[in-house]
Amino acid sequence: MDAHVHLTGNGSSGSGCWLRLRGAHRWLAGFMLRQIDLPASALQGDLDRLYVERLVSWVRTSSVRKAVLLAHEEVYHEDGRLMEGFGSFHVPNAYVLSVAREHPEFLPAVSIHPARPDALAELERCVEQGAVMMKCLPNCHNIDCNLPKYRLFWERMAALGLPLLAHTGGEHTVPVVRAELADPRVVTLPLECGVTVIAAHCASRSGLTDPDYFDAFTEMLRRYPRLYGDTSAFNLPARGAHIRDCLKPGVRERLIHGSDFPVPILGLWAFLRGLISLRDYWRCSRIRNSIEKDYQLKKAMGFEPEHFTRVADLLPPKQIPSA
Ligand SMILES: [Zn+2]
């Protein structure tokens, strides 16, 4: 299972998705599309359809049986008002739920800002429709998960058995609203409310100048048995800096596999760090399908078979009858 796969679109199919790309983010979006064999011109074309078709065909022809497909919330103020003009893309929950209904290889992860006036109602609605996870980026969505007013929301998630996939560590592909919320300690209250939390990227750095929160993450692993990390985007230059530490006992048993599709998967960094052989590097460079390539690279790095199936134990059991 690949537990970190992004859905995106420009609304061309009536999905309600939007993209608002400026400067470097526009260039980056075109670069990411070319990495998944789509032309940058798809940004202005039928991106909704092209993206889903590419993703479905790559999952079907990979070793991955199920991919957790992520919605992407809009940015809100803490008082629940929409932050107009913020955020670079939006993927509505209804769209993720409908794409997952049509394609059995996907499990839907919804995205809900807990300050939204209808947050609890939306949570119930999404779980009823099959949501298996809730995804957010505290530093980009402006969610300080530790605010006492969010306690009811986390308690309801815990009661529903819905895990939280929270971005931790720096971020450079989506605009950051509050940099300090990259600290993994941002998910302390959800953990204390009994929510299973997956710290995306294990709080690793995205850029070379980001603060390094990896030690804070491993310290929390010892304290909170419901905390996990994912290895998404570990094949980017900065995010892979702690792969060797992630393979050590005490950490490796708490990690789950995620590619962060459509983020580029580059085997060069793992090779330069001495994590994979030259032979594995060449073998993986010939794989076009980035879902498969990420899996093969992590297998070559030494992540054990359980790494690629562990997330199934964290999802609400009734939501995945065929997993
Ligand atoms: Zn991601």
Side-chain angles (χ1 to χ4, degrees), residues 1-9 17 19 21 25 28-29 31-33 35-36 51 54-55 58-59 64 66-75 87-93 95-96 99-100 106-113 131-143 145 163-177 179 181-182 184 186-187 197-207 210 213 217 228-240 242 246 255-266 290-291 293-295 297-298 311 314:
M1 286 176 77
D2 186 330
H4 193 134
V5 171
H6 287 277
L7 181 58
T8 192
C17 294
L19 290 164
L21 302 164
H25 288 121
L28 202 60
F31 176 70
M32 289 206 276
L33 285 182
Q35 294 297 305
I36 60 167
Y51 188 91
R54 169 52 30 85
L55 187 51
W58 277 8
V59 170
V64 167
K66 295 264 181 196
V68 178
L69 196 60
L70 312 179
H72 190 84
E73 177 64 294
E74 295 188 79
V75 185
S88 57
F89 79 111
H90 172 51
V91 181
N93 295 330
Y95 183 49
V96 166
V99 171
F106 296 137
L107 296 168
V110 294
S111 186
I112 305 166
H113 196 300
V132 302
M133 200 182 270
M134 205 289 266
K135 164 76 198 284
C136 68
L137 290 80
N139 55 340
C140 302
H141 282 131
N142 185 37
I143 304 174
C145 303
L164 170 66
L165 174 61
H167 176 96
T168 52
E171 173 61 40
H172 290 274
T173 48
V174 179
V176 170
V177 179
L181 299 182
V186 73
V187 294
V197 178
I198 302 160
H201 322 297
C202 298
S204 59
R205 292 199 276 205
S206 171
D210 296 334
Y213 294 112
F217 164 69
Y228 294 79
D230 84 15
T231 54
S232 61
F234 270 22
N235 284 304
L236 285 180
R239 290 238 190 267
H242 288 289
C246 286
L255 301 186
I256 63 169
H257 169 63
S259 60
D260 211 359
F261 182 94
V263 163
I265 308 299
L266 310 163
S290 53
I291 297 273
K293 187 175 180 175
D294 192 61
Y295 165 68
L297 281 167
K298 286 179 186 160
V311 67
L314 311 185

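Nothing here was measured: the structure is a model prediction, and the numbers come from that model. For ligands, and for the atoms within them, numbers begin at 1 and follow the listed sequence.
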- Atom pair CG/OG of Leu70 and Ser111 - distance to nearest 0.5 Å: 8.5 Å

- Query: Under 2.8 Å from the Zn ion (ligand 1), is there an N/O/S atom belonging to His167?
  - Reply: no

- Task: Could you pull out the closest heavy-atom pair between Leu7 and Tyr51, with the gap in Å?
- Result: CA-CE2, 3.8 Å

- Give the intermediate values and the outcome of ring-ring contact (aromatic ring centres under 6.0 Å, His included) for residues His4 and His201. CA-CA 10 Å; His4 193 134; His201 322 297; 5.4 Å; yes

- Measuring to the Zn ion (ligand 1), does His6 have an N/O/S atom at a distance below 2.8 Å? yes

- Passing candidate, ring-ring contact (aromatic ring centres under 6.0 Å, His included) with Phe89, options His25, His72, His141: His72

- Task: Find, among atoms of Asp260 that are N, O or S, the one nearest to the Zn ion (ligand 1), and state its name.
- Result: OD1

